[in-house]
Amino acid sequence: MKNVLEQLEPKKVFHFFEEMTRIPHGSGNTAAATAWAMEFAQARGLRCRRDEMGNVVIWKEASPGYEDHPTVMLQGHLDMVCVQDNGVNHDFTKDPLDLYVEDGYIKARGTSLGGDDGIAVAMAMAVLDDDSIPHGPLEAVFTVDEEVGMPGAAALDGSDLKSKYLLNIDSEVEGVLTVGCAGGTACHISLDQPAETAQGAVCTLSLEGLSGGHSGTAIHMGFANANKLLAQCLAQAGYPRLVSLFGGLQDNAIPTSAKAEVLVTPGEAEALRTAAEGWAAKVKAECPQDPGLTLTVTVREGEAKALSAADSRKLTDLIAAVPNGVQAMNPDLPGQVQTSLNLGILRLEDGKAQLVFLVRSSVAAEQAGLTEKLQSIATEFGAAFAVDSSYPPWEYRRESKLRDTMVSVFTELYGKAPVVETVHAGLECGLLMDKIPGLDAVSFGPDIVEIHSTRERLGIDSVERTWRFVLAVLKAL
């Protein structure tokens, strides 16, 4: 097979990256990648282990003269998000990616590239493979299934890890040092109420065209939440009897549409339409970030299973009562979100209602407090509450030797200071820091554009500069 990247610098980094693109490593299918990483270590006589999840840890002793330096962890994840264009015949369980170079970027024809996070594995392997690089003791940690909830990092045994510093190479913008991230808690509120079949006018209210976005990185941008707006609309329309609700698809995405079926008497249908459309015109004027917002109301005569008027109002008021959006900003890093939540999924069918939230915070106490607030509201309305999953935040440290060193090294190499920020989304750093007391972490990486899509591309020159940055940081630590 032709080596597409063999002429690119740094050669070893791109060699290992291209090797990885020939191995199946989609989330949930990383056994081959795990075996490859173990074979790499064993072939070089490096101590290594693999756990039941498939996480791999590889140790390398310090280079001469660096024996008394602190242990550094090089970390990334083995899995990638697998997407392909319509009509592309590609089997991610066995087919290698079809790489090509264009306009200074590495791409894959018709599929995602897996630069997130194959470039971290490639850089770590390039360090481990080269005895001429100065560094203290190293621990390379390759986790699995980061893209589907981080179960690999959560299950990792950290009892034999000695790292003081963590270099997480899982960020996608060169020149940005990430020094904290939000933890996340998926919360479910469920409310079961009796539904009875009745005759009348069945009205469908369809709210569509909102901008949406990532519930972490876009939560502060002013995009409206379709589920919350729908509750406002139902209240303005006089709390009609609810037949069904359907809003949002994922807890980590701001919902762009929501729909309600309601039951009213035939004589009330036009009044409901007038009230709802009047509400929509007013709200559209108040939501400049959502210029595509539309509300349509359709009416049919017939029967439907609907909640009682009282129970319908109770559910509508519950949806209105739960908080949503930004709850606190970071006092140490102006303009950056600290705590938020998103009502991502709303359902009602046959009297069974479900509200699904993703709570995010970079402060563990605020993450727990907001979760407890949702539970309290659920209890107040007689609803059940459950936590589906949770992972801890990576809290910003006011004092960080690693951050200070990396800022200094970056400034010397680039002639300008890096951007230092927290990200209101999940990284594995928080889980790893929970396992290794005192671990100091920074996340960074080269430019990887439009990750998780078939337009994903990895900046060649950015990889080369980031590689030099990695080497300089290892030397400085």
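Start at 1 with the first residue, then count along the sequence. All of these numbers come straight from a predicted model, not from anything done at the bench.
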Please check: side-chain N/O of [X] versus main-chain N/O of [Y], any donor-acceptor pairing under 3.5 Å?
X	Y	result
Lys228	Ile319	yes
Asn324	Leu343	yes
Asp51	Asn55	yes
Asp290	Ser211	yes
Arg397	Gly180	no
Thr21	Glu18	yes
Ser112	Val81	yes
Ser453	Arg455	yes
Gln193	Leu191	no
Asp145	Met150	no

With rounding to the nearest 0.5 Å, note down the distance linking [atom1] in [X] to [atom2] in [Y].
X	Y	atom1	atom2	answer
Glu450	Glu172	CD	CD	12.5 Å
Tyr165	Ile436	OH	CD1	14.0 Å
Ser443	Leu166	OG	CG	8.0 Å
Arg403	Thr405	CZ	OG1	10.5 Å
Lys373	Leu341	NZ	CG	8.5 Å
Leu97	Ile23	CG	CD1	10.5 Å

Answer with yes or no whether the side chains of [Y] and [X] bring together a donor and an acceptor at under 3.5 Å.
X	Y	result
Glu147	His452	yes
Ser244	Glu261	yes
Glu139	Ser163	yes
Thr178	Glu421	no
Gln338	Glu366	yes
Gln367	Thr185	yes
Thr454	Asp85	yes
Asn342	Asn252	no

Do [X] and [Y] touch side chain to side chain, with heavy atoms closer than 4.5 Å?
X	Y	value
Leu374	Phe385	yes
Trp279	Cys233	yes
Val283	Leu293	yes
Met80	Ser27	no
His135	Lys60	yes
Val470	Arg468	no
Phe246	Arg347	yes
Leu458	Tyr105	no

Which atom names give the shortest non-hydrogen contact between [X] and [Y], and what distance separates them?
X	Y	answer
Phe17	Gly115	CE1-CA, 3.9 Å
Thr204	Ser206	CG2-OG, 3.8 Å
Pro323	Phe357	O-CE2, 4.4 Å
Ile58	Val56	CG1-CG1, 3.9 Å
His69	Gly136	CB-CA, 4.0 Å
Glu464	Pro10	CA-CD, 3.7 Å

Salt bridge or not for [X] and [Y], using N-O below 4.0 Å?
X	Y	value
Glu174	Arg465	yes
Asp440	Lys164	no
Lys435	Asp157	no
Glu456	Lys107	no

(request) Verify side chain to side chain contact (heavy atoms under 4.5 Å, CB included) between Met123 and Thr466, making sure each step is shown before the conclusion. (result) CA-CA 9 Å; Met123 285 190 175; Thr466 303; 3.9 Å; yes
(message) With side chain to side chain contact (heavy atoms under 4.5 Å, CB included) as the criterion, how do Val179 and Ser400 come out once you've worked through the C-alpha distance, each side chain's angles and the decisive distance to 0.1 Å?
(response) CA-CA 9 Å; Val179 294; Ser400 166; over 6 Å; no
Residues, nucleotides or ligands: over 12 heavy atoms within 6.0 Å of [X] [atom1]:
X	atom1	value
Gln289	CD	yes
Glu399	CD	no
Lys259	NZ	no

(message) side chain to side chain contact (heavy atoms under 4.5 Å, CB included), that's the test. Do Leu177 and Val419 meet it? Break it down for me.
(response) CA-CA 6 Å; Leu177 304 183; Val419 174; over 6 Å; no
(request) Take Val262 and Val243 through the side chain to side chain contact (heavy atoms under 4.5 Å, CB included) test and state the conclusion after the steps. (result) CA-CA 5 Å; Val262 301; Val243 176; 5.5 Å; no
(request) Run through Ser362, Ser340, Ser361, Ser215 and flag the one making a side chain to side chain donor-acceptor pair (under 3.5 Å) with His424. (result) Ser340
(request) Could you label the plane-to-plane angle of the Phe92 and His90 rings as parallel, tilted or perpendicular, counting under 30° as parallel and over 60° as perpendicular? (result) perpendicular
(message) Which residues pass the ring pair (Phe, Tyr, Trp, His ring centres under 6.0 Å) test with Phe223, not counting sequence neighbours?
(response) none
(request) Could you check Thr256 against Glu208 for side chain to side chain donor-acceptor pair (under 3.5 Å), going step by step and ending with a plain yes or no? (result) CA-CA 6 Å; Thr256 61; Glu208 298 178 313; over 6 Å; no
(message) Before we go on, tell me: are the rings of Phe444 and Phe410 under 6.0 Å apart, centre to centre?
(response) no
